[in-house]
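No hydrogens, no waters, no symmetry mates; every other heavy atom, side chains included, goes into these values. Remember, it's 1-based here, ligands and their atoms both numbered in the order they're listed.
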Amino acid sequence: MIVMKFGGAAVATAGSFHRIAAIIADARKEHQCPIVVVVSAMANATDQLLSLAKEVHPNPPRREQDMLISVGERISIALLAMALELKGVDAVSFTGSQSGIITDECHAEASIVEVKPWRILRALNEGKVVIVAGFQGVSRTGEITTLGRGGSDTSAVAIAAALKVSCVDFYKDVDGIYWSDPKKDGNAKKMEKMEYTEAKKLAEGGAKVLHLSSILLAEKNGVLLRIRSFYKPEEIGTVVGSGGA
Ligand code: ASP
Ligand code: MG
């Protein structure tokens with residue numbers, strides 16, 4: 001089984017859904033195995049929803065804010081399912097709640113407490129590509145929650161851990177992690193492998209490459225994190241994790 005994660009940069013425009021649908025269709029053809037795809041909201045969608053909330057209320061109630069911003073990922077999953085249908089790939093989109101992502105009650109900063117992936121497994125058994133909305137879950141009392149900014153990385157790792165998949169492929173607008181900033185240093189070298197400890201230091205230092213809690217969860221469950229570019233999907237960039245190959 002493969003778990004793929006596409007961030008906001010990979011779904012910035014309507015056209016990008018066709019691009020990532022092609023990446024998914026190719027992976028399916030090549031590996032002939034079940035595929036779960038986790039997606040973020042389109043580029044600035046979450047920021048736009050947050051500003052909209054602020055236009056209505058200076059300090060929006062966190063429950064209602066979660067209800068609002070969880071919509072960003074919902075837009076992405078539906079559009080991706082449509083793009084896959086057009087390619088003849090049978091796919092189904094699920095919200096965090098439908099995917100069985102159970103969190104605590106802490107609105108805007110919820111933590112995943114359990115994943116009950118029954119619906120995901122059933123759809124995979126039916127031969128469908130399953131598309132999961134990142135960044136969101138549902139509390140035990142049925143409230144929609146979000147995981148904190150950048151949290152869809154954590155959704156992807158939690159899904160992989162629950163399905164016992166040993167690695168998550170993160171498709172980004174960068175093709176890996178570099179020793180120095182490739183935008184400033186023309187000779188910057190890409191790292192092939194990185195330990196969880198180093199990745200945690202990067203995330204703590206504010207690097208946007210992976211969300212800190214996703215690295216912690218990956219380390220706990222021994223899930224490898226592969227950073228690759230959606231511009232060059234055939235290349236594996238940097239593998240984060242012990243024994244990463
Ligand atoms: N859309 C959410 C955010 O912008 C979650 C994510 O992209 O990981 O923070
Ligand atoms: Mg992100």
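- Comment: R140 engages E114 in a salt bridge, judged by a side-chain N to carboxylate O separation of less than 4.0 angstrom.
- Near G151, meaning under 4.0 Å from one of its heavy atoms, ligand 1 places the atoms 5 (C), 8 (O).
- Near S40, the atoms of ligand 1 lying under 4.0 angstrom from a non-hydrogen atom of the residue are 6 (C), 7 (O), 8 (O).
- Contact check on R63 versus E143 returns a salt bridge, with a Lys/Arg side-chain nitrogen under 4.0 Å from an Asp/Glu carboxylate oxygen.
- Within ligand 1, counting atoms from 1 as listed, the ones closer than 4.0 Å to a heavy atom of R149 are 3 (C), 4 (O), 9 (O).
- The proximity of E73 to ligand 1, defined as any non-hydrogen pair under 4.0 Å, is limited to the side chain.
- Residue G150 approaches ligand 1 through these ligand atoms, each under 4.0 Å from one of its heavy atoms: 3 (C), 5 (C), 6 (C), 8 (O), 9 (O).
- When only modelled atom types and interatomic distance are considered, T145 and D66 share no side-chain donor-acceptor pair under 3.5 Å.
- Using a distance-only test at 3.5 Å, with no hydrogens or angles considered, no donor-acceptor pair links the side chain of H31 to the main chain of C33.
- In terms of N/O distances under 3.5 Å, ligand 1 is not approached by K5.
- Summarising the local packing, NZ of K54 is surrounded by more than 12 heavy atoms from other residues, nucleotides or ligands at distances under 6.0 Å.
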